[in-house]
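The structure appears below as structure tokens.
Treat the numbers as computed from the prediction; the structure is a model and nothing was measured. Naming: A, B, ... by sequence-line order, numbering from 1 per chain.
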Amino acid sequence: MNNKQLDYTNITISEATAMQKELQNSLVHSPLEQEIKTIAGADISLNRFSDIIYAGIVTLDFNTLKPLAYSLVKSKTSFPYVPGFLAFREVPALVEAFLQMTVKPDVIMVDGHGIAHPRRLGIAAHLGALINIPTLGCAKKKLYGNFEEPSAVKYSFSPLKHKEELLGYVLRTKNYVKPVYISPGNHLSIEDSLHIAMHCIGTYRLPEPTRKAHEFVNLFRTGQLKEGFFQLTTNDTLF
DNA sequence: GCGACAG
DNA sequence: ATCTTGTCGC
């Protein structure tokens, strides 16, 4: 990864598309070999009509799903929101937050899609192509593909496909609540992404990594947390 | 031309 | 993404 790949100022949709096709070629979707001890959630928050982005990555213990550390970065985005090109708007800030971490997570769950994307390079795959850490996407809405509604019972799922190609899974994380869309980003298989997401389901609709990341970046945006990398102590009282 | 369209 | 209050009941 170099800085050129992170400066998305003044690039056109056509150039962005070409960049996606190139990055897509570098993806690896072999099954994860290493044991997962920590998993992080990555998300951004911003004020309406503002181009100031509050990005954050929150690391959790994979077994207890409790926060262990977090990295927060404030930066200005240089790309508008265009469906299919979300990464060009949010990834630079997420990479900054990642580089700031002195202790890296084993896997990162990103708020958005992985390969469930028109060119198989959603934000989770894009981020995973830039950093050398396995990533998966967890989106709240479908961007691409077709699926049958999974049953209303928690943990039920159904394949998300484009024609005959499997892209990921639609997963019910809570009874009678809208499902989430899971797909691998980089360095993970499609099945890995589903299993990891299922493991991270707690009491709420969003899996814990994504839910915590969302919570932390909002506290950051509203001035209740400060920029930087912090490791939580057992003595830390959160809220 | 028409519908779909992550955050 | 963010802004918002109440309402419904698997």
Side-chain angles (χ1 to χ4, degrees), chain A residues 8 13 16-17 20 23-24 41-58 72-95 97 108-129 135-147 149-156 160-163 167-186 193 197 203-207 209-224:
Chain A
Y8 300 140
I13 291 297
T17 301
Q20 290 181 326
L23 283 174
Q24 198 280 141
D43 192 16
I44 66 100
S45 177
L46 41 72
N47 288 308
R48 196 137 80 142
F49 307 130
S50 169
D51 55 357
I52 298 301
I53 281 195
Y54 296 83
I57 298 179
V58 180
L72 301 171
V73 164
K74 177 180 176 179
S75 76
K76 179 181 285 189
T77 184
S78 59
F79 203 87
Y81 169 64
V82 180
F85 300 89
L86 176 64
F88 293 88
R89 177 174 176 74
E90 303 186 352
V91 146
L94 291 180
V95 170
I108 299 179
M109 178 182 282
V110 184
D111 192 0
H113 291 96
I115 62 170
H117 176 280
R119 288 165 295 284
R120 315 298 184 270
L121 196 85
I123 187 168
H126 193 131
L127 178 65
T135 60
L136 70 152
C138 173
K140 298 180 289 299
K141 295 177 184 173
K142 184 194 78 171
L143 168 66
Y144 186 75
N146 304 292
F147 67 97
E149 193 70 19
S151 100
V153 182
K154 182 176 180 177
Y155 292 113
S156 58
L160 175 60
K161 310 194 301 184
H162 172 255
K163 298 187 178 179
L167 301 171
Y169 289 99
V170 182
L171 175 64
R172 189 81 61 184
T173 50
K174 185 176 182 188
N175 291 173
Y176 299 99
V177 168
K178 288 197 303 178
V180 295
Y181 303 79
I182 305 298
S183 61
N186 201 6
S193 69
T203 312
Y204 303 86
R205 181 195 180 210
L206 296 181
T210 296
R211 193 177 75 82
K212 281 294 162 189
H214 194 264
E215 184 174 300
F216 277 59
V217 292
N218 272 311
L219 288 171
F220 178 35
R221 178 174 59 84
T222 54
Q224 301 169 73

With a 4.0 Å cutoff (strictly under), does any side-chain N or O of A:His117 reach OP1 or OP2 of B:dA4?
no
Does A:Lys141 have a side-chain nitrogen or oxygen under 4.0 Å from the phosphate oxygens OP1 or OP2 of B:dC5?
no
Return the value, rounded to whole Å, for the distance between atom [atom1] of [X] and atom [atom2] of [N].
{"X": "A:Asp111", "N": "B:dA6", "atom1": "CG", "atom2": "P", "answer": "12 Å"}
{"X": "A:His113", "N": "B:dC5", "atom1": "NE2", "atom2": "C1'", "answer": "11 Å"}
{"X": "A:Ile182", "N": "B:dA6", "atom1": "CD1", "atom2": "P", "answer": "16 Å"}
{"X": "A:Met109", "N": "B:dG7", "atom1": "CE", "atom2": "P", "answer": "14 Å"}
{"X": "A:Leu206", "N": "B:dA6", "atom1": "CG", "atom2": "C1'", "answer": "13 Å"}
{"X": "A:Glu90", "N": "C:dA1", "atom1": "CD", "atom2": "C1'", "answer": "8 Å"}
{"X": "A:Ile44", "N": "C:dT2", "atom1": "CD1", "atom2": "C1'", "answer": "10 Å"}
{"X": "A:His162", "N": "B:dA4", "atom1": "NE2", "atom2": "P", "answer": "16 Å"}

Return yes when atom NZ of A:Lys74 has more than 12 non-hydrogen atoms of other residues, nucleotides or ligands closer than 6.0 Å, and no otherwise.
no
Should the heavy atoms of other residues, nucleotides or ligands under 6.0 Å from NZ of A:Lys154 be counted, would the total exceed 12?
yes
Protein-nucleotides 3-10 of chain C N/O pairs closer than 3.5 Å?
unit_1: C:dC10; atom_1: O3'; unit_2: A:Tyr176; atom_2: OH; d: 2.3

Under a 3.5 Å threshold, yes or no: a donor from one side chain and an acceptor from the other, between A:Arg120 and A:Gln24?
no
Answer yes or no for A:Arg221 and A:Tyr54: cation-pi contact, defined as NZ/CZ to six-membered ring centre under 6.0 Å and angle to ring axis within 45°.
no
So what does A:Asn218 touch, heavy atoms closer than 4.0 Å: a base, only the sugar-phosphate, or nothing?
sugar-phosphate
ring-ring contact (aromatic ring centres under 6.0 Å, His included), that's the test. Do A:Tyr181 and A:Tyr169 meet it? Break it down for me.
CA-CA 6 Å; A:Tyr181 303 79; A:Tyr169 289 99; over 10 Å; no
Specify whether A:Phe85 and A:Phe79 have parallel, tilted or perpendicular ring planes, treating 30° as the upper limit for parallel and 60° as the lower limit for perpendicular.
tilted
Classify the angle between the aromatic ring planes of A:His126 and A:Phe88 as parallel (below 30°), tilted (30 to 60°) or perpendicular (above 60°).
perpendicular
Identify, residue by residue, the members of residues 78-89 of chain A with a heavy atom below 4.0 Å from DNA chain B, and return them in order of residue number, or none.
A:Tyr81, A:Pro83, A:Gly84, A:Phe85, A:Leu86
Please determine whether a side-chain nitrogen of the Lys or Arg among A:Arg172 and A:Glu149 lies less than 4.0 Å from a carboxylate oxygen of the Asp or Glu.
yes
NZ/NE/NH1/NH2 to OD/OE distance under 4.0 Å, A:Asp111 and A:Lys140
yes
